[in-house]
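Here's the structure we're looking at; comments come further down.
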Amino acid sequence: MSKVANIQADVEQLGRQIFDLADKDCNSRSLFGKKDLYSRLMEWSMQDPLFKTQMFRFVDVLPNLRSADEVVSHLSEYLNDTKTPVSTFLQGALRIGSFIPPVSAAIIRKNIVAMANIFITGADNKSALRNLRKISKEGARFTIDILGEAVVGEREADDYARRYRSLLDFLAEHTQSWQASTPIPANEPPLVNISIKISALCARIHSSDPETNIAAILSRLKPIALRAKELGAFINLDMESYGLKELTLELFKRLAEEPQLSDYPHLGFVIQAYLRDSYRDTEKMLKWAQQRNRQFTIRLVKGAYWDFEKVFAAQRTWEVPVYTSKIETDANYERITRLILENRKYVYPAFASHNVRTISCAAAYARTLGLEPGDYEFQMLYGMATAIRRALLSLGYRVREYCPIGELVPGMAYLVRRLLENTSNEGFLRARFGANTSITELLRDPASQLTAKGGPLIPPADNAATTKSVHPRPTPSDSVASFTNEPPADFTSSSVRKKMVLALQSIRSKFGRSYPCMIAGRPRISRDLLRSQNPARPEEIVGLISTAAPGDVVDAVAVAKRSFANWSKTVAEDRCHLIERLAAKLRQNRFDLAAWEVFEAGKNWSEADADVCEAIDFCVFYAHEMRRLSKGRLTQETAGEVSIESYLPRGVGAIIAPWNFPLAILCGMTVAALVTGNTVIIKPAEQSSVIAAQFMNLMQESGLPDGVANLLFGNGETVGSLLVVHPDIDFVAFTGSRQVGTEIWQMAGVTHPNQRNLKKVVCEMGGKNAMIIDTDADLDEAVLGIIQSAFGYQGQKCSALSRLITIGEIHEELVPRLTEAAAALNIGLPEHPSTDIGPVIDQAAFRKIQSYIENGKREHTLSYQGHIPSELRGFFVPPTIFTDVDPASRLAQEEIFGPVLSVHRAEDLDKALKIANDSPFALTGGLYSRSPRNIARVRSEFLVGNLYINRPITGAIVGRHPFGGFKMSGSGTKAGGHDYLLHFTFPRVVTENTLRRGFAPEIQRQSSADRG
Ligand SMILES: Cc1cc2nc3c(=O)[nH]c(=O)nc-3n(C[C@H](O)[C@H](O)[C@H](O)COP(=O)(O)OP(=O)(O)OC[C@H]3O[C@@H](n4cnc5c(N)ncnc54)[C@H](O)[C@@H]3O)c2cc1C
């Protein structure tokens, strides 16, 4: 500790020296000083955040724009929203350019390319060589990163690996003469040095199956590393997002433990100090090194994905894995700096930072340990902080530049990251060169700033992100305050994976049990048994189901009707408590429930887990909503009269649920009915009866009074129909096919003489969902979005994508990448953690989908069809893609409910919208575009219940994406939204005249209309 306290003077002294030298370096390109486009952009972006967003978005899309008109129109669309003098200036320039777009576009392109060239060393190996030589001549070193598009297929991953191998050979050959003239000292890492991103070596990374990922990545990485060893080169594994961290560290260990590499010291990995668990990770890696007496390099960075990590975690309600204040990151960086310097025996430290405080601190602490400048190195990004690099070199430090090589399209993402970093409010470079913060301020010790702010002296580096929920779980007392979605299981954690494996084992041992109907809390066993099978292995019987007889339907309705009297009068708060207890039960049993879904519905791990989370969300959200509704509403402020609108339950409901979200939809419809005071008879889909039985069991365990919810198994035509037509059924909540939905709608419309209420039908049916791919779409994202939307859960989601509409020339570029990405999907048993595609639900579905495919083969172009491994005996249908499909054909108009995608070409957005809207359904839809004008048009003209822009079209989240469609997709109800509970109630208004002999009390704003 004393060493730490004492180095502040040294840090300041060195820091000032570096600043002095950097300030004197007039040859260096100042970040913010010049008057080229880059410098202006930096300046304007710092003045106007909206301009910054719009401009960087334009920079991102530019390389994908094909014509001059497109360039000009995109720039003016992006600048439309910005109101600063800057944009007025640019818009003026654009107006001139609009008469002669080619000239204007050429100038814009030239400037952006020049800007990219500041940060990108070369478009290819050859063109980069000149810049690498310059760096070497300055006395600096380099490490090379190959920029690439997101890898979506095996061929792309192979290609990436091949490019790295040839880069190694190229560098080894072309730097030989440099090494001859300036030999590399023995204690220095090799001159040929490359940095690799592991995500580029694997087409699909499954968080639930690290072993398979490691095997796939190693198969490509090992040959690169062996070649590096032959050539005496260095390999670094870059660190990407948090989701890949464990995998990257494990992969590094496996690579280093390979027998041929076990004595090779020139391997390295990255630690990101902005991660809360980075200190602990460093300790663990050091321990591993000590046990094996290994040496390696650690590149210590702060981390490049800070915004992403925050958004990604927040969207999943996971704990944010990064520090949320910059000084915590800085202080943690310095703490890890000390740790690795103290372990120099095992680690060659590479401090990657442009921050003079961070750099000086590392150098000063190294000095206190008696280390020399060559015992460690500094690393910087090519094109950033050149003056600081030169200052360090002149002081005798070793500096390595991180040099990206690649074309403009893949380079744009990298360029935008650099632009964001340089204009970040909290960044060092902006503080120093943009905001002129004082040197004293810039050299302050972050740890002491933390203490001054009341934070810990040492940032809490050990509290790894193991508990995943950001907020405490809602409890009955605080649930009104806010609603938080259930965090999905994080299968990157080995303990979470283990829970799933144990659940699968335990549930398998429960196969073949019998499940009775439940009426008034008592089992009703019948001799008429239905076998619920595992669609992946049809010979496996998951459970034996007692089907209901017509008499059971009569009894169940009578019981529900009797139970209504008490349940409807139960205080709303008590009903909410009970539903929240049910949520807690579901949560406790989440892995078991997910395992039942894997076996009975053929869902893979993450799909099964998502369904259980959604069920929990429905419980918590509807309880939350009921509290709001139960307060009632003062209709208008009128003197002398009070009118309160409140809601009555409708009565007895039939809940007719589908198999595709076997728990979530069943649970959502049931708890919406119960929490509003209705009683129900649940009729689950035959195919997912065992899951329904588990749900019923948990409702009973939660304390639901007998008779409030009753469960009848059986098929829809008999049990379902009997329920719908029963005169004492007041409403039907149905989710399923269009055919059954419209039949129910019709049956429910028939009134009986002794019927109490007009039957309400809450009806959610299917979709024939379309997605439009604009000419300027980001294909890296679009391809993955299409794959997820079309083939997730084998295309058996009502929200699934079945019609893909490409605009113009993008088709040629998209289709090969799409088929590659489809080929990378892993078809297998859903119980295996790496399975993407499991079976379809049953033989009938299998036959129906196959007949569409056979018909499609006759009428359209089969562009891709997956291959089912021969050992699979279940109802597996391969992902299938047809192109040149006539939009009016059966394939494009009828709901298939399987992994079949038809692709249509449209000349322009008008035609694309026409195709998209030409459907009897209106459920979900999507667009990938980077044109603000086209996005605005699609928003208003693509008529579906849920429209998604620049993201997949499946995976609606309760509360966030109220879900449901119109036309033949449904009656316009929105599950998981604010209006949903109203469908289960009758609104009622009570008006009281409060005027007595001319005197009226003051208006009471707070109503108390909870009629229980
Ligand atoms: C040679 C080299 C290699 C690199 N390799 C990788 C890599 O493999 N993986 C990777 O992720 N990054 C990598 N980086 C990028 C690096 O993480 C960023 O460039 C770096 O974070 C900028 O840090 P700085 O010390 O230069 O600047 P500073 O301005 O001091 O720090 C900026 C950083 O602080 C952190 N930060 C900003 N705001 C906050 C906040 N509110 N709360 C908490 N933290 C905050 C962020 O990490 C941000 O990038 C590399 C950088 C270099 C120079």
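Both ligands and their constituent atoms are indexed starting at 1 by order of listing.
When hydrogens are left out, the protein atom nearest atom 50 (C) of ligand 1 is V301 CG1, 3.6 Å; that is the closest non-hydrogen contact. With hydrogens left out, the protein atom closest to atom 26 (O) of ligand 1 is H354 N, 2.7 Å, a heavy atom. The nearest heavy-atom contact from the protein to atom 29 (O) of ligand 1 is F428 N, 2.5 Å. The closest protein non-hydrogen atom to atom 41 (N) of ligand 1 is E426 OE2, 2.8 Å.
T423 places a side-chain N or O within donor-acceptor distance of the main-chain N or O of L419, the cut-off being under 3.5 Å. No donor-acceptor pair under 3.5 Å is formed between the side chain of D277 and the backbone N or O of R280. Proximity of a side-chain donor or acceptor of E334 to a complementary backbone N or O of A362 within less than 3.5 Å is not detected.
The proximity of L381 to ligand 1, defined as any non-hydrogen pair under 4.0 Å, involves the side chain as well as the backbone. Residue-level proximity to ligand 1 for T329 is carried by the side chain, the only part with a heavy atom below 4.0 angstrom. With a heavy-atom cut-off of 4.0 Å, T143 does not touch ligand 1 at all.
The closest approach between a heavy atom of T358 and any atom of ligand 1 is not below 4.0 Å.
In the vicinity of Y402, heavy-atom distances shorter than 4.0 Å reach the ligand 1 atoms 1 (C), 3 (C). Heavy-atom contacts of Y305 reach the following atoms of ligand 1: 11 (O) (cutoff under 4.0 Å). In summary, the atoms of ligand 1 found under 4.0 Å from a heavy atom of Y274, numbered by their order in the structure, are 47 (O). Near N355, the atoms of ligand 1 lying under 4.0 angstrom from a non-hydrogen atom of the residue are 25 (O), 26 (O), 30 (O). Of all the atoms in ligand 1, the ones that sit under 4.0 Å from a non-hydrogen atom of M380 are 1 (C), 53 (C).
Considering only non-hydrogen atoms, atom 32 (C) of ligand 1 lies nearest to K326 out of E401, K326, K197, Q272. The residue among K302, K310, R418, E421 with a heavy atom at the shortest distance from atom 18 (C) of ligand 1 is E421. Selection from G427, A304, A431, A385 by nearest heavy atom to atom 15 (C) of ligand 1 gives A304. With atom 16 (C) of ligand 1 as the reference point, the heavy atom nearest to it among S353, A352, G303 is part of G303. For atom 5 (N) of ligand 1, the nearest non-hydrogen atom from the set Q379, R299, E377 belongs to R299.
Remark: K302 is not positioned above the aromatic ring of Y274, lacking an NZ or CZ atom under 6.0 angstrom from the ring centre and at most 45 degrees off the axis. Taking the ring axis of F312 as reference, the NZ or CZ atom of R316 stays within 45° of it and closer than 6.0 Å to the ring centre.
Checked against a 6.0 Å centroid threshold, the rings of F296 and F269 count as neighbours. Ring centroid separation for the pair Y397 and F378 comes in under the 6.0 Å cut-off.
In this model, a donor atom of one side chain and an acceptor atom of the other lie less than 3.5 Å apart for D238 and N236. The closest side-chain donor-acceptor pair between E246 and T492, if any, does not fall under 3.5 angstrom. Between the side chains of Q17 and Q13, no donor N or O sits under 3.5 Å from an acceptor N or O.
Every residue two or more places apart in sequence or in another chain that forms a side chain to side chain donor-acceptor pair (under 3.5 Å) with Y348 is listed here: E377, R398. With sequence neighbours excluded, the residues that form a salt bridge (charged side-chain N to carboxylate O under 4.0 Å, His left out) with R444 are E441.
Remark: ligand 1 and M239 share an N or O pair separated by less than 3.5 Å (distance only, no angle test).
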